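Contents: one structure, followed by commentary.
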Amino acid sequence: MDPQRLSSLKCMSPQKKNRPSHQESPESFIVFGAPQIEQDEIDEMIATLKSGWIGTGPKVQQFEQAMRVYKNAEYTAAVSSCTSAMHLSMIAAGIGPGDEVIAPAMTFCSTINAILHAGATPVLADIDPRTMNIDPKDMARKITKRTRGFLPVHFAGRPCEMNELMALAKKHDCKVIEDCAHAIETEYEGKKAGTFGDFGALSFYVTKNMTTGEGGMVLAKRKEDIDHIKVLALHGMSKDAWARFSDKGYKHYLVTHLGFKYNMTDMQASLGLHQLRRLEHNWQRRQHIWNRYQRELADLPITLPAEPAPDTRHAYHLFPVLIEENAGMTRDAFMEEMTKQKIGVGVHYLSIPEHPYYHDHLGWNAEDFPHARHIGQTTVSIPLSAKLTDAEVDRIIETVHQILQR
Ligand SMILES: *Cc1c(COP(=O)(O)O)cnc(C)c1O
């Protein structure tokens, strides 16, 4: 746990209350990806707790509906995480043992795990070094007669090359499941990310553009798919728990599928409803911070992220910079300095083959994905949360200058 979260936990313990506060320095730690929780969420959560129903119920339905409208999606199902959303989408897509799914070599591990948990075989494609998104040309090279699906990731909130990707999917009769963990606000030629493919998976993990603590959502094109996913997300039961325990009397449920425990609760949806209301406002705030970084870090010997492509909308989820040879220091040394200056940083991501599990069990080698490896070894994300104050953004910009100009 990072130092600030730890110390705020300590503050809540009764023993500490009467002790004098010790060595609080004027500048506190800027937590990477700090969530913005406001009074509306707190009030809604308390109302839910007092309502007598905290499981999967009316607020989850309301949240699914609100997100369906926001995303202009046909159907939505709230679940426990983006990981479970991708896993269930794989199953609903009919992808399983013997099938290959193409995914980027640089992403969060759970993109790949969702394919493995469905029993299918992940096949990696390298990324484009400038956009950091999966390269459709490398995808085309990786297609075999067993390829059944694509799992693109809209990295950092920038949409993938959806025209090329969807044309490839159509040509090879592949299902498309979009990992939209960074891409709630993302659009490509006026269409929302997550609505191109058969399925889209959203994340409401604590560091994402909006949060429910833990949580996710499936977007789907077809009613039979979303119905299947809703059954799978709650033990494979034919009726959900809310209906089962409602005041209309006990209803028998029948287990019709081998399901999972992947449902979202009304406590989580209580946060999500208000986070979604502030989503666009927070997007503007992050866009402002992004633009400041692009302008005010331009003179440094680092590679800044690609600006959004024309006719697209970037979700501004991450601001990844590359600390390459000409920076005069390693990426890891830069991260250490930032942490010393009380600024939280992140790495998104080490390339997938560099993790021992995938290297050992799937035989992948980082050399085979040179762009993913290079980015994975040089990238560092600086804070881009809507919660940052102007003074904090000033401090981040100044600190990056100081560290690199030494
Ligand atoms: C965070 C993240 C996930 C996983 O999301 P969870 O909701 O934590 O399961 C998947 N893919 C990417 C690209 C992510 O950043």
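Since the model is a prediction, treat every value here as computed from it, not as a measurement. One-based numbering along the sequence shown. Numbering of ligands and ligand atoms starts at 1, following listing order.
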| The single option from Ile289, Ile396, Leu318 passing side-chain contact (heavy atoms from CB on, under 4.5 Å) against Pro383 | Ile396
| Of Phe108, Phe32, Phe155, which meets ring-ring contact (aromatic ring centres under 6.0 Å, His included) against His348? | Phe32
| Which residue, Thr312, Asp311, Asn163, forms the side-chain hydrogen bond (donor to acceptor under 3.5 Å, both in side chains) with Tyr188? | Asn163
| message | Show the atoms of ligand 1 that are less than 4.0 angstrom away from any heavy atom in Val153. | response | 13 (C)
| field | Any N or O of Glu214 closer than 3.5 Å to N or O of ligand 1 | value | no
| query | In terms of the angle between their ring planes, are Tyr316 and His314 parallel, tilted or perpendicular, with boundaries placed at 30° and 60°? | reply | parallel
| request: For atom 7 (O) of ligand 1, find the nearest protein heavy atom and state the residue, atom name and distance (0.1 Å precision). | output: Ser203 OG, 2.7 Å
| said: Aromatic contact between Phe260 and His87, with the criterion being ring centroids under 6.0 Å apart: yes or no? | reply: yes
| request: Consider ligand 1: state whether an atom of it lies below 4.0 angstrom from any non-hydrogen atom of Gly215. | output: yes
| said: Return the closest protein heavy atom for atom 12 (C) of ligand 1 as residue, atom name and distance. | reply: Ala181 CB, 3.4 Å
| query | Hey, does the Lys NZ or Arg CZ of Lys191 hover above the aromatic six-ring of Phe196, less than 6.0 Å from the centre and inside 45° of the axis? | reply | yes
| query | Can you tell me which residue and heavy atom of the protein come closest to atom 11 (N) of ligand 1, and the distance to 0.1 Å? | reply | Asp179 OD2, 2.8 Å
| Near-ring test His228/His257, centroid separation under 6.0 angstrom | yes
| What are the atoms of ligand 1, with element, lying closer than 4.0 Å to any heavy atom of Thr111? | 11 (N)
| query | Hey, does Tyr349 sit under 4.0 Å from ligand 1 if you only count heavy atoms? | reply | yes
| field | Interfacing atoms of ligand 1 (cut-off 4.0 Å, heavy-atom, Ser110) | value | 3 (C), 4 (C), 10 (C)
| said: Is there a polar contact between ligand 1 and Thr107, counting only N or O atoms under 3.5 Å apart? | reply: no
| Nearest non-hydrogen protein atom, atom 8 (O) of ligand 1 | Tyr205 CB, 3.8 Å
| How far apart are the C-alpha atoms of Phe199 and Tyr75, what are their side-chain angles, what is the distance that settles it, and do they pass the ring pair (Phe, Tyr, Trp, His ring centres under 6.0 Å) test? | CA-CA 10 Å; Phe199 301 93; Tyr75 301 100; over 10 Å; no
| With a cut-off of under 6.0 Å to the ring centre and 45° to the axis, is Arg295 in cation-pi contact with Trp290? | no
| remark: With heavy atoms and a 4.0 Å threshold, my read on which part of His182 contacts ligand 1 is side chain
| Is the cationic atom of Lys192 (NZ for Lys, CZ for Arg) positioned less than 6.0 Å from the six-membered ring centroid of Tyr70 and within 45 degrees of its normal? | yes
| said: Nearest non-hydrogen contact with atom 1 (C) of ligand 1 belongs to which option: His348, Met217, Lys208? | reply: Lys208
| Any idea which protein heavy atom is nearest atom 3 (C) of ligand 1, and the distance to it? | Phe108 CD2, 3.6 Å
| Ser81 contact mode with ligand 1 (heavy-atom cut-off under 4.0 Å) | both
| request: Identify the protein heavy atom lying closest to atom 9 (O) of ligand 1, giving its residue, its atom name and the separation to 0.1 Å. | output: Thr83 OG1, 2.5 Å
